[in-house]
Each structure stands twice: as structure tokens, then as C-alpha cells.
Amino acid sequence: MKYVQKNKLWLGLAVFLVLSFHGYAVFLMRAANMQQVFYLEVLLGTVILIVAGVDAAKYYKAQALKQELLQCAHVVCRELGQEFGQYGALWRELGQEELEVAEHDVHVLEGQLEEQFALNCDLQDYIAAWFHEVKLPLSACMLMNEKISDAALRTAQKEQLEMIRQQLNGALLGCKVQSSLFDLHVCATCLLECVKTAVHNNQYFLIRHQFEIILEVEPVKVYTDPSWFVYVLDQLIQNAMKYRTQNPVLKIKSESQSKKGRAEAVLLVEDHGEGIRQSDIRRIFERGYTGRNHHNGTYKSTGMGLYMAAQIAGRLGHQITVESEYGVYTRFFIRLPSSNLTNL
């Protein structure tokens, strides 16, 4: 249909020639030899069909190539200007003028993107510097908090300061993850040390909420970025604290498995909290998704913690999955690829 609309002028001309020839043969050729007229009709029709067929084949081939190029994740309009190879047909089909307009628009958009990228980099640098500056008075406040004689006030204020510290650290790392300059320093790291660091980072609230902590982590080395991997564990532990119930339990366990003849390390982070509804479990790693638990009114979630954990785990080459029974438990599994596993 698109081909007919695009070439309706030429198709109309072909129909006009056929009708004119028949009109001439019927009305003006009195002693016409109908056999010769028939041969001329066949010849004329054959020529028209061949020309139309070749043109239609070029058109649909060009359209197929265009659809293929539109699936690419990079700018392709400049590639269409080549006078050789498979792009030549599409260049002639689209027309040089249209491609010049497209290239002009792409050039303008590239300039706008570069400008916006520079502004975003400046903003990220400013935010990162601001985070570091805020940490200084925060540390001073935590030191002054120790001098408060009222135990209840000291505990209440310490909890709020610890929450601020966690939020600052999380926001700073989140800012780095969103940056195109996100860097990884992968090295041989002790899995047990990463787990201990994550538990230590959250020890105040784990003790405050009287968590029973069970560590069954094997002494294995994994190739990962220790700081980013600890951040992932921090998010899982903080998720357990948010959804805690009475007599909360946090269990972290590791084991070595063999998958298709290759070894891998699997880290389990389990809590006996509220659990996750089956209708929510497929979406907990989505950006901004908070589910329907509402944290019993004690937390206002942003839906970014697990999203960031999944993003970082993916960049580290680790697979993170979850299973849960609502009201009973939640289990997160972090699988390290076999190439990332060596015995100590």
C-alpha cells in the first residue's frame, strides 16, 4: 500500500498508456490486425510488469534495510550517504535532501546532549562535594551526642544521626552509579570480610532492633569490587530492618555450587520479616517501586534501595534473585559467576 501511494504518479501513467493503446486500437485502427495488437499488448504489459517489479523489489529491499537500521542503538543517517554497498539503494530511496535534513537534526541533538551531559557532570560533582562537606558537621554532631547526659535523649538523637549517615552514604554511592564515570576496581576479595563489613556498617540498628544474626559464610575469595559489593549487602540488610517483625532474624549464608561443571559462589541473605507479596515480588527491583506493604507506617520508602542493588550487582557481573513467602521470610540470592571463584 505504501509503495502504491509513493509511486501512484507512475502507476497512473502506466494505466493511461494501456488505456490509450486500447482506445487507439479499437477506435482508430479500422483494419487492425488483432493478432498484432495482441502481441503489442503482451509486449507492453511485460515491459510494464518488469519495470514495476524491479522498482518494487528495490523499494521493499530498501524498506527492509531501513527497518533493520532503525533497530540499531547508534546514529545511522550518516552511514546512509555511502555510494556503495547495501546503503546506496536506501540513500536513493530516501533522497539526499531528506538525509541532509536528518543529519542536521542529529547534529543539533548531539550538541544539546553534550551540553546537557556537561551540566549533569557538573551537578554530580557538586552533589558529591556537598555530601563530603556535610559529613564533617555530622561527625561532630555524633561526637557531641556522646556527651548528652540524658540517656533517652542521647539514644533518640543517635538513631536519627545514624539514619542521616546511612542516607548520605547511600545517596553518594547512588550518585556515582548514575554517572557515566562509574568505575569498578575488581580484585580478589574475601567474601567473609565483605559480609562482616556490611554487618558492621549497620550494627547500630541491628543491635537497636535486637536482631538475631546468623553468619554461615565460607572463607572463599571472589573477584568483585569490595566497596560496591558491600553497598549491595547494605541495601539487603537495611531492607531486612525496614520490614522486621517481632524477634527479627538476619541470616547470611554462603555455599559453593557446581553449575554445568563449573563452580560458583552463592550468598544467601535471609530475614524473617513481613515478606513480599507474590503480586509484588516481580517488581521489587524496579525503579521507584514500593509495593503494598507500606512498612506498617514506620518508613516512607523511595523504592530506590533494591533498584540500586540490582543495578550494581548487574554491573559487577553478579546475579541477584529473590524468593519470599508473605509473612514468613524473604531470601535474596547473589550468585557470583564461576570465573569469579577461587579457593583461598
Side-chain angles (χ1 to χ4, degrees), residues 158-160 162-171 173-174 191-218 227-255 265-286 288-313 316 318-336:
K158 180 67 177 297
E159 182 171 348
Q160 298 302 316
E162 287 288 343
M163 292 178 63
I164 293 174
R165 183 184 63 82
Q166 283 189 351
Q167 293 297 325
L168 282 176
N169 291 335
L173 291 175
L191 183 59
L192 179 58
E193 291 301 321
C194 290
V195 172
K196 288 182 177 180
T197 301
V199 173
H200 181 268
N201 291 343
N202 298 275
Q203 64 177 345
Y204 177 81
F205 290 107
L206 291 173
I207 296 173
R208 173 80 170 140
H209 301 308
Q210 299 180 346
F211 266 80
E212 178 186 354
I213 301 176
I214 304 173
L215 296 182
E216 299 177 1
V217 182
E218 296 178 352
S227 60
W228 288 112
F229 186 64
V230 167
Y231 174 79
V232 173
L233 296 179
D234 283 342
Q235 296 305 313
L236 300 184
I237 294 174
Q238 290 171 18
N239 187 77
M241 292 188 292
K242 288 180 182 179
Y243 292 95
R244 70 187 181 275
T245 55
Q246 292 183 350
N247 303 318
V249 176
L250 175 65
K251 180 179 180 180
I252 304 179
K253 177 182 178 181
S254 71
E255 61 181 18
V266 180
L267 185 68
L268 165 68
V269 180
E270 177 181 338
D271 69 82
H272 298 172
E274 293 182 19
I276 306 171
R277 300 177 189 270
Q278 291 302 310
S279 58
D280 295 331
I281 198 168
R282 294 178 297 176
R283 302 186 58 190
I284 62 172
F285 294 120
E286 293 182 8
Y289 188 73
T290 58
R292 296 187 298 170
N293 286 1
H294 304 294
H295 314 286
N296 291 330
T298 58
Y299 286 92
K300 183 174 178 60
S301 177
T302 62
M304 294 297 293
L306 293 180
Y307 166 77
M308 298 299 296
Q311 292 295 308
I312 295 172
L316 290 171
H318 308 331
Q319 180 185 8
I320 181 171
T321 56
V322 61
E323 66 178 33
S324 179
E325 181 178 347
Y326 185 67
V328 181
Y329 68 85
T330 299
R331 295 177 184 144
F332 289 93
F333 299 90
I334 304 178
R335 298 179 180 272
L336 287 73

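Note that the numbering runs from 1 along the sequence shown for the chain.
- In this structure, the side chain to side chain donor-acceptor pair (under 3.5 Å) partners of S324, at least two apart in sequence or on a different chain, are T330.
- For E218, the salt bridge (Lys or Arg N to Asp or Glu O under 4.0 Å) criterion is met by no residue, not counting sequence neighbours.
- Between atom NZ of residue K196 and atom CD of residue Q203 there is a gap of 13.5 Å, rounded to the nearest 0.5 Å.
- Sequence neighbours left out, the pairs with a member in residues 198-215 that pass salt bridge (charged side-chain N to carboxylate O under 4.0 Å, His left out) are E159-R208.
- Using bins of under 30°, 30° to 60° and over 60° for the plane-to-plane angle, the ring pair F205/H209 lands in the parallel bin.
- Here E216 pairs with I214, K251, K253 under the side-chain contact (heavy atoms from CB on, under 4.5 Å) rule; sequence neighbours left out.
- With a 6.0 Å cutoff to the six-membered ring centre and a 45° limit on the axis angle, R331 counts as a cation-pi contact of Y329.
- In terms of the side chain to side chain donor-acceptor pair (under 3.5 Å) criterion, Q167 has no residue partners (sequence neighbours excluded).
- Under the side-chain contact (heavy atoms from CB on, under 4.5 Å) criterion, S227 pairs with D225, sequence neighbours left out.
- One finds the CD1 atom of I276 at 13.5 Å from the CZ atom of R283 (value rounded to the nearest 0.5 Å).
- M241 has its side chain within reach of L206: a pair of non-hydrogen atoms, C-beta onward, lies under 4.5 Å apart.
- Judged as a side-chain contact (heavy atoms from CB on, under 4.5 Å), and not counting sequence neighbours, R282 has no contacts.
- Annotation: ring pair (Phe, Tyr, Trp, His ring centres under 6.0 Å) contacts of F229 (sequence neighbours excluded): H318.
- In this structure N201 satisfies the side-chain contact (heavy atoms from CB on, under 4.5 Å) test together with T197, V230, D234, sequence neighbours excluded.
- Once rounded to the nearest 0.5 Å, the distance linking OH of Y326 with CD of E274 reads 6.0 Å.
- Scanning both residues, I320 and A313, for their nearest heavy atoms gives CG2-CB, 4.1 Å.
- Every side chain to side chain donor-acceptor pair (under 3.5 Å) that E255 has, sequence neighbours left out, goes to Q257.
- By the side chain to side chain donor-acceptor pair (under 3.5 Å) test, Q160 pairs with no residue at all, sequence neighbours left out.
- In this structure, the separation between NZ on K158 and CZ on R165 is 9.0 Å, given to the nearest 0.5 Å.
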